[in-house]
Amino acid sequence: MHKVDIDLVEMTLDVMKYAITRITNVTPDLGKPIKQEELKKLAGETITPDGIGGETAFHLFRDVLVKATIPIDHPRHLAFVPASPTRAAVMFDLVTSASSIHGAFWMEGAGGIFCENEAMKWLVSLTGMPKGAHGVFTSGGTAANLSAMVAAREVWRNRTTNGIKRGIVITSSGAHSSIKAMAKVIDADVLLVETEDRLTAEALEAKISSLDEDQKHRLFAVVATGGTTNAGIIDDLEGIAQACKKHSLWFHVDAAYGGAALAADSVRHLFNGIEKADSVTIDPHKWLFSPYDCGAIIYRDMEQAKSAHSQEGSYLDIFYDEGAVGFNPADYQIQLTRRLRGLPLWFSLAMHGTDKYKRAVERGISLALQAGKLIENHPLLELVREPALSCVLFRRKGWTAEDYKMWTYRNHNDNVALVAPTKWKTKGGDYETVARFCFINPATKEEDIRVILETMV
Ligand SMILES: Cc1ncc(COP(=O)(O)O)c(C=O)c1O
């Protein structure tokens, strides 16, 4: 298995040929999920005592299995939060793997960690956070949010005699599901301000005032969102920052999806106040064109994060010795052994420059505005709310939830597009099923939007 021989050479050529073909294919088939039993029938036994051979396994993946996956970078994949890694970033992901670097400690990964830190400095500069703020790359937004909550809780525990109690986090119902899920991991309660619209400082203050004394002592953090997943809404970050300061609460901004738009001059002002955050999540694997998986957590005070996350063990002592010392990503998030997942972003940023990133993010925003106009001019369609960042919520007059679902399946089956419905709260308080676009891929064209809208007749 570890020998260099002709099998290895043949397999390598197959892999490189596949990689080049895939990254130059601008409209790969949309791919469809196939039931497990059917896949098993198609694939047969792949894990056997003698192995089925590289050629057979590779062809099985290339010709059968990958076709049961949906390419996230298809220009008409506008569902959920899609992605669109640059080709440079994808190729450098191969290089990252080939380089076999342990990314937890400077001693083993210095050159690679240096690159990650250079890319991180650009992310931090976008937030406007003060000198000393820095961050690390994580497996995604969920891990970044968890890392921030762990740091926040540690600071609160060290500060108060109430620290042995269950903590409380306040966020809005528009916050991403990972906030509630990660609060469970740290056994904290989440109290929701009931709004999927912009969380304001007033609504936050009202929520805090409604707490009893015990709850007030248990409250340690507020999570605001910098671009909600469903609708691209940015909370009142300035007002929330002030409220957090007043009540001595950790201020976390989950900008996993929207944080890329910090680079876009047209909307940067909407994020004012983010520079006052204690921590910020930004996912390069969403709108900063990195391959999966790559999230990032940025802290105002790295020492606070370190005291929460740093691991101890006699086998780790050498990493903290004079001779090996440097920046250790393991000290600032939940993972020890880690891939250098910021490297593809670094390479692509270094190759293309930050201006191209700005333009590519602006493109998503302008596609959302273009879609908004097309919807407004369509007799059967209407906007549910104005486009926000790169998200557009709209309705097809007269459609039921079932109609939206069938429309999604039809477009997917016909290889036209992947656009999924979502729900939005009506003024009456009920939830209505609506259609949703989320634009990430700069290669999406106005014509693509027209084609999709025409399927809503
Ligand atoms: C605002 C927000 N936060 C967190 C997440 C979770 O990120 P991940 O899926 O990378 O864990 C998402 C994912 O869409 C998100 O939109």
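All ligand and atom numbering here is 1-based and tracks the order in the structure.
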Measure the spacing between OG1 of Thr337 and CZ of Phe105 and express it to the nearest 0.5 Å. 8.0 Å
Hey, is ligand 1 close enough to Gly141 that some N/O pair sits below 3.5 Å? yes
What protein heavy atom sits nearest atom 6 (C) of ligand 1, and how far off is it? His176 CE1, 3.3 Å
Please name the pair of heavy atoms, one in Ile72 and one in His77, separated by the smallest distance, quoted to 0.1 Å. CA-CD2, 3.7 Å
Looking at Trp156 and His217, would you say the former's side chain and the latter's main chain have a donor-acceptor pair under 3.5 Å? yes
So is Asn145 close enough to ligand 1, meaning a heavy atom under 4.0 angstrom away? yes
Can you tell me if Gly295 has a non-hydrogen atom under 4.0 Å from ligand 1? no
One finds that the ligand 1 atoms under 4.0 Å from a non-hydrogen atom of His285 are 10 (O)
Could you tell me the separation between the CD atom of Gln215 and the NZ atom of Lys165, rounded to the nearest 0.5 Å? 10.5 Å
Are Asp93 and Arg339 ion-paired here, with the side-chain N under 4.0 Å from a carboxylate O? yes
For the aromatic rings, using the six-membered ring if either is Trp, is the centroid distance between His134 and Phe327 under 6.0 Å? yes
Has ligand 1 got any nitrogen or oxygen that is less than 3.5 angstrom from a nitrogen or oxygen of Thr142? yes
Just let me know how Asp283 lines up against ligand 1, side chain, backbone, both or neither, with a heavy-atom cut-off below 4.0 Å. side chain
Consider every N or O of Ser178 and every N or O of ligand 1, then say whether any pair is closer than 3.5 Å. no
Exam field: side chain Tyr299 to backbone Tyr332, donor-acceptor pair closer than 3.5 Å: yes
Hey, can you tell me if Phe92 and Phe347 have their rings parallel, tilted or perpendicular (30° and 60° cut-offs)? parallel
Could you find the nearest protein heavy atom to atom 3 (N) of ligand 1 and give me its residue, atom name and distance? Asp254 OD2, 2.6 Å
Protein residue, atom and distance nearest to atom 9 (O) of ligand 1, heavy-atom basis: Lys286 NZ, 3.8 Å
Among all protein heavy atoms, pick the one closest to atom 16 (O) of ligand 1 and tell me residue, atom and distance. Thr229 OG1, 2.7 Å
